[in-house]
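First the structure, in the form of C-alpha cells, and then the observations on it.
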Amino acid sequence: MSDDFSEPLHDLAITAERVARELGPALARALEMVRETVRGGGTLYFCGNGGSAADAQHLATEYVVRYMRNRRAYPAVALTTDTSLLTAVGNDLGFDEIFARQVDALAKPGDLLIIHTTSGNSPNLLRAAQAARAKGVPVLALSAKNGGALKSLATHSVVVPTDRTDRAQELQLCIQHVICDVVEREL
C-alpha cells in the first residue's frame, strides 16, 4: 500500500487504540446516557457544525430508521437540517442561537442533547448546551483537543485524544455507531 494511504490509516488505528485504552469509563457513561434516554422514551437531539453537522444528521437517521437491526423507531432529531428555521434564526436572532432556539422550543426533561464538535468552542454549540441545561436536559458532548469551553457546560464529555479534526470526526462517528449498536441490541 502506498504511503498516501498507509500513514493516515496507521494514524487512525493508533488514535482508535488510544480511545479504546484510555476512554473506557467515559464511553460507558456516554452509552448509559443514550440508553437511558431511549429506554425512557426521550428524544435524542443532535447538533454540530460543518462535518459535525453531517454527523449529527447521520446519527439521528440511524436512531429513527435503523442501524444494524430492524426494530421500533427511536425518537431522534438533527437540529442541523431545517434550512428555513436555521436561516430565520440566523437572520433574526443571530447564528449563535440556531441550536439554542430549537432546544428551547423542543427539548424537555428526559431528552438528551448530543453535541458533536472538534474544538468545543463554537458559540452556537455553547448556547445550545446552556439552553439544554436551563431546561433540565442533560448534554453529552463529543469533542477533541482539550474539550474546549463545552467541556465545562456538558453533563458529560467524551474527548477524543487528538488535535486533528478529521481523526476526531472519524472516531466520534465510530463511537456513536457502537453506542447505537448496543442500544439496538439491548432495547
Identify the two heavy atoms, one from Tyr74 and one from Leu187, that lie closest to each other, and give their separation to 0.1 Å. OH-O, 3.7 Å

Linking I/L/V/M/F/W/Y whenever their side-chain heavy atoms sit closer than 4.5 Å, directly or via other members, would Val64 and Leu140 fall into one cluster? no

One should read off an interatomic distance between Leu85 CG and Phe99 CZ, to the nearest 0.5 angstrom, of 10.5 Å

Is there a side-chain contact between Ser143 and Lys151 in this structure, where contact means two heavy atoms from C-beta onward sitting under 4.5 Å apart? no

Contact check, side chains of Leu150 and Asn121, non-hydrogen atoms, under 4.5 Å: no

Listing request: all salt bridge (Lys or Arg N to Asp or Glu O under 4.0 Å) pairs with a residue in residues 100-117, at least two apart in sequence or in separate chains. Lys108-Asp111

Close side-chain approach of Pro75 and Leu44, heavy atoms under 4.5 Å: no

Hydrophobic clustering (ILVMFWY, side-chain heavy atoms < 4.5 Å, transitive) - are Val103 and Leu93 grouped together? yes

CG on Leu9 to CD1 on Ile14, rounded to 0.5 Å: 11.5 Å

Ring-face cation of Arg66 near Tyr63 (centre distance under 6.0 Å, axis angle within 45°): no

Quick note, salt bridge (Lys or Arg N to Asp or Glu O under 4.0 Å) partners involving residues 172-183, not counting sequence neighbours, are Arg69-Asp181, Asp181-Arg185

Closest heavy-atom pair and its distance - Val159, Asn146: CG1-C, 4.1 Å

Rounded to the nearest 0.5 Å, how far does CD of Gln130 lie from CZ of Arg127? 5.0 Å

Heavy-atom check, side chain of Ile114 versus side chain of Leu142, under 4.5 Å: yes

Passes side-chain contact (heavy atoms from CB on, under 4.5 Å), Thr155 versus Arg133? Steps please. CA-CA 8 Å; Thr155 308; Arg133 298 298 296 263; 3.7 Å; yes

Salt-bridge criterion met for Arg21 and Glu17 (N-O under 4.0 Å): yes

In terms of hydrophobic clustering (I, L, V, M, F, W, Y; side-chain heavy atoms under 4.5 Å; direct or indirect links), are Phe46 and Leu86 co-clustered? no

Please answer: with hydrophobic residues joined when any side-chain heavy atoms are less than 4.5 Å apart, are Ile179 and Val77 in the same cluster? no

Would you name the heavy atoms of Val65 and Arg71 that are closest together and state the gap between them? O-NH1, 4.0 Å

Would you list the pairs meeting ring-ring contact (aromatic ring centres under 6.0 Å, His included) in which at least one residue belongs to residues 162-183, sequence neighbours left out? His58-His177, Tyr67-His177

Check salt bridge (charged side-chain N to carboxylate O under 4.0 Å, His left out) between Arg29 and all other residues, then give those that pass, not counting sequence neighbours. none

So Cys47 and Gln102, do their side chains get closer than 4.5 Å, heavy atoms only? no

I'd like to check Ile175 versus Val158 (side-chain heavy atoms, cut-off strictly below 4.5 Å). Are they in contact? yes

Is the shortest heavy-atom distance from the side chain of Asp11 to the side chain of Arg164 under 4.5 Å? yes

Go through it in stages, so that I can follow the logic: the residues are Asp55 and Gln176, the test is side-chain contact (heavy atoms from CB on, under 4.5 Å), and I'd like the CA-CA distance, side-chain angles, deciding distance and then a yes or no. CA-CA 9 Å; Asp55 291 342; Gln176 287 281 38; over 6 Å; no

Check: His156 side chain, Ala26 main-chain N or O, donor-acceptor pair, under 3.5 Å: yes

Rounded to the nearest 0.5 Å, how far does CG of Leu171 lie from OG1 of Thr15? 6.5 Å

Got a sec, which pairs hit side chain to side chain donor-acceptor pair (under 3.5 Å) with one end in residues 77-92, sequence neighbours left out? none

Over all heavy atoms of both residues, which pair between Val139 and Met33 is shortest? Give the atoms and the distance, please. O-CE, 4.0 Å

Nearest heavy-atom neighbours spanning Leu113 and Ala128: CD2-O, 3.6 Å

Counting neighbours of NZ on Lys135 that are heavy atoms of other residues, nucleotides or ligands and sit closer than 6.0 Å, is the number greater than 12? yes

Does some side-chain heavy atom of Thr118 sit less than 4.5 Å from a side-chain heavy atom of Asp163? no

Between Ser119 and Ser122, which heavy-atom pair has the shortest distance, and what is it? OG-N, 4.0 Å

Find the distance between CD (Gln172) and CG (Leu59) and round it off to the nearest 0.5 Å. 10.0 Å

Go through the structure and list residues passing salt bridge (charged side-chain N to carboxylate O under 4.0 Å, His left out) with Arg72, not counting sequence neighbours. none

Please test Glu170 against Leu12 for side-chain contact (heavy atoms from CB on, under 4.5 Å), starting from the C-alpha separation and ending with a verdict. CA-CA 8 Å; Glu170 290 157 353; Leu12 176 60; 3.4 Å; yes

Would you say Val34 ends up clustered with Ile115 if hydrophobic residues are merged whenever their side chains have heavy atoms under 4.5 Å apart, either directly or through other cluster members? no

How far does CG of Leu79 sit from CD of Gln57, to the nearest 0.5 angstrom? 11.5 Å

